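Heavy atoms only: backbone and side chains are in, while hydrogens, waters and symmetry mates are out. Quick caveat: nothing in here was measured; it's all calculated off a predicted structure. As the structure lists them, so they are numbered: ligands from 1, and atoms in each ligand from 1.
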Amino acid sequence: MNNQFIPVNTPLLNGNEEKYLIECIRTGWISSEGPFIKQFEEKFAAYIGRAEGIAVSNGSGALDVAVQALKIGPGDEVIMPAFTIISPAQSVVRAGATPVLVESDLGTWNMDVSQIEAKITSKTKAIIVVHIYGLPVEMDPVLELCKRYGLYLIEDAAEMHGQTYKEKKCGTFGDISTFSFYPNKHITTGEGGMIMVDDATLAERCRMLRNLAIESKGRRFIHHELGWNYRMTNMQAALGLAQLEKIEEHIVKKREIGLAYDKGLKGIKGFQLPLPHTSYAQNIYWVYGLIANSEELALKTVKHLNEKGIGTRPFFWCMHEQPVFLKMNLFSNERYPNAERLAHCGFYIPSGLGLDAKEIDIIINELIVCGG
Ligand SMILES: *Cc1c(COP(=O)(O)O)cnc(C)c1O
């Protein structure tokens, strides 16, 4: 019998986290001026394979900076998936630009890239790809469109630390790519994010925007543009450095969790499981999601699991069904049935790095009770 609640996520902090954090306290380096920031930026950029990393206070802020750094604003359209976390859409809306949505692929749960070109107009300035839950977006057609139409590419790789598309790391594809280090990601800094670029001028611009748009040359506190305070602290970077030392182990562990669920749930009725792979990638199982055959079954299952002490999270909600955007007269009367299906019938089960085999068995058994 399971008496203990199994949370949807538990991080793993069993490396040098404590040691590096104590160093922050002993040396007094706790702000963003501390030495771990640069080390974490350089090491994470080297791991991903980008020239520059700019550490920020969260992954959503990384997207705000990305949009502003590329001077996306009023009159511009930005293509992105209908099914995503709100972060990329809110960055675009706040910048005064217009998000243009694309339907989802029911197999990978990512944007259906074959439907992008029909959405391109003379106003389109950028495409934002969001790799969702474990499989990357099919990048080749997107890269080809960006080149042919002269569009910027922003890559939200917040769930893809270490994942590859055709052997090339996610986070290397965008003019600007972004990561999050929230505690449920493959590595965490508590809260945190990173902006990745190759161009030195663009990197300098992102650093400026992260820091209230204070310019590195000229008199401090004179501003020519509005920025943000999205600086990461040295304490967060300390955690990040320790986590980065373990990233390969974390990836192996997440894939083991995914495969254990796949095996235990094989043949279950009433639910679609994640694809273990596509022709271009192995699933990295950031989270293990299921799509119920009906909204009713999804609700019933989530309720049952909760009663049994098993945490779940519903999937993201579609952008064209967000009350906040409907109030702004965005996306009125637009329909994306695949995205709606994911949002209405999808949920994920405990997927954190702290999960053990016994807990996985309990979860599988309770799911089978609901499905059959
Ligand atoms: C987690 C996540 C974010 C946001 O990151 P925060 O650090 O929580 O702001 C953005 N995009 C995607 C796809 C995410 O999964």
Which heavy atom of the protein is the closest neighbour of [atom], given with residue, atom name and distance?
atom                    : answer
atom 15 (O) of ligand 1 : Glu159 OE2, 2.5 Å
atom 10 (C) of ligand 1 : Asp156 OD2, 3.5 Å
atom 4 (C) of ligand 1  : Ser60 OG, 3.5 Å

Margin query: Any side-chain to backbone donor/acceptor pair from Asn9 onto Pro183? Under 3.5 Å, distance only.
Written below: yes

Looking only at the side chains, is there a donor atom on one of [X] and [Y] sitting less than 3.5 Å from an acceptor on the other?
X      : Y      : value
Trp228 : Gln68  : yes
Ser57  : Glu191 : no
Glu17  : Gln243 : yes

Just jot down the ligand 1 atoms closer than 4.0 angstrom to any heavy atom of [X], in number order.
X      : answer
Val130 : 13 (C)
Gly192 : 7 (O)
Gly59  : 5 (O), 6 (P), 7 (O), 9 (O)

Polar proximity ligand 1 side, [X] side, N/O cut 3.5 Å exclusive:
X      : answer
Ser180 : yes
Ser87  : no
Lys185 : yes
His131 : no
Ile85  : no

Next item on the list: Carefully, step by step, assess Thr233 and Ser32 under the rule side chain to side chain contact (heavy atoms under 4.5 Å, CB included).
Entry: CA-CA 4 Å; Thr233 70; Ser32 61; 5.9 Å; no

Margin query: So that I know where these two stand, are Trp317 and His344 an aromatic pair - ring centroids less than 6.0 Å apart?
Written below: yes

Next item on the list: Verify the ring-centre separation between Phe173 and Tyr165: is it less than 6.0 angstrom?
Entry: yes

Checklist line | Nearest heavy atoms of Tyr336 and Leu101, plus distance in Å | finding: OH-O, 3.5 Å

Check: Looking only at heavy atoms, is any part of Asn58 under 4.0 Å from ligand 1, and if so is it the side chain, the backbone, or both, or is it neither?
Finding: both

Note to self: Below 4.0 Å, non-hydrogen atoms only: which portion of Ala158 touches ligand 1? Side chain, backbone, both or neither.
What the structure shows: side chain

Next item on the list: May I ask you to check if Lys266 and Tyr261 form a cation-pi contact, with NZ or CZ under 6.0 angstrom from the six-membered ring centre and within 45° of the axis?
Entry: no

